[in-house]
Amino acid sequence: MKKIKSNISIAIMLLQFAFATTLFAGNNPDNNSEQLLKSSFISAKEELNNMLIGKIPLSYEQAIFTMENAYWGNSVDYSYFNSSLQYHVEKIKNIIAANRNYSSQKFNQTFLETIEQQKEKYDKALANWAIFKYITD
């Protein structure tokens with residue numbers, strides 16, 4: 001099921017590339033820039049397609065980097081992208097750690113859920129809230 005969701009996500013990204021390629025191709029009067037963008041998007045599409053057919057392993061982070069890098073004309077360094085991503089992940093983890101408070105929650109075992117399952121749900125909700133808080137603040 002997880003692989004199907006990944007395949008669907010990558011297929012959607014391919015559709016976005018197809019749209020972006022036609023969009024950028026017609027909007028830039030400079031022929032060299034236009035050719036650079038076209039070749040960037042074509043190589044990105046090929047890389048994503050290789051992920052879908054199994055030539056290279058599926059990687060959500062790599063797919064996002066491939067799209068962003070194509071948008072910027074293949075001028076983004078992967079190590080910079082990765083370190084930037086890790087920086088933001090650490091900030092979100094800090095928000096989660098600062099706001100996790102099991103004692104304020106009333107976890108009671110029921111027939112449907114154990115206390116551990118309730119804590120897992122709490123942690124997932126807290127993580128989603130922290131991401132939202134980080135993005136919107």
Closest contact, heavy atoms only, A130 versus I95: CB-CG2, 3.7 Å
Rounded to the nearest 0.5 Å, what's the gap from CD on E47 to NZ on K55? Could you check? 12.5 Å
Heavy atoms of K106 and Q118 approach each other most closely as O-OE1, 4.4 Å
Can I56 be reached from I53 by stepping across I, L, V, M, F, W or Y side chains whose heavy atoms are under 4.5 Å apart? no
One pair to check against side-chain contact (heavy atoms from CB on, under 4.5 Å): V76 and E68. What are the steps and the verdict? CA-CA 8 Å; V76 179; E68 291 294 325; 5.7 Å; no
Here the gap from K119 atom NZ to T114 atom OG1, rounded to the nearest 0.5 Å, amounts to 10.0 Å
Answer yes when K124 and E120 have at least one side-chain N-carboxylate O distance shorter than 4.0 Å, and no when they do not. no
ILVMFWY network linking F132 to L126, side-chain heavy atoms under 4.5 angstrom: no
Is S43 reaching over with its side chain to a backbone N or O of S39, donor-acceptor style, under 3.5 angstrom? yes
Is Y80 linked to I64 within one hydrophobic cluster, defined over Ile, Leu, Val, Met, Phe, Trp and Tyr using a side-chain heavy-atom separation of less than 4.5 Å? no
Rounded distance (nearest 0.5 Å) linking atom CG of D77 with atom OG of S84: 11.5 Å
Side chain Y122, main chain N101, donor-acceptor under 3.5 Å: yes
Residue pair N69 / S75: nearest heavy atoms and the distance that separates them: OD1-N, 3.2 Å
Go through the steps to decide whether L37 and E34 satisfy the test side-chain contact (heavy atoms from CB on, under 4.5 Å), and finish with yes or no. CA-CA 5 Å; L37 281 175; E34 181 179 323; 5.9 Å; no
Taking atom CD1 of I131 and atom OG1 of T136, what is their separation to the nearest 0.5 Å? 11.5 Å
Does a donor on one side chain and an acceptor on the other come within less than 3.5 Å for D123 and Y102? yes
What's the shortest heavy-atom distance between L48 and A63, and which atoms? CD2-CB, 3.6 Å
Provide the closest heavy-atom pair for L85 versus E61 in the form atom of the first, atom of the second, distance. CD2-CG, 3.9 Å
Surrounding OH of Y78 (heavy atoms of other residues, nucleotides or ligands, distance under 6.0 Å), is the total greater than 12? yes
Any chance you could measure Y87, atom OH, to N82, atom CG, to the nearest 0.5 Å? 15.5 Å
side-chain contact (heavy atoms from CB on, under 4.5 Å) assessment of E46 paired with N49: CA-CA 5 Å; E46 288 173 7; N49 191 42; 5.6 Å; no
For S40, is there any backbone N or O sitting under 3.5 Å from a side-chain donor or acceptor partner on N74? no
From K93 atom NZ to R100 atom CZ, the distance as rounded to the nearest 0.5 Å: 11.0 Å
Chi angles and distances behind the side-chain contact (heavy atoms from CB on, under 4.5 Å) call for Q62, M51: CA-CA 10 Å; Q62 184 64 37; M51 281 186 194; 3.5 Å; yes
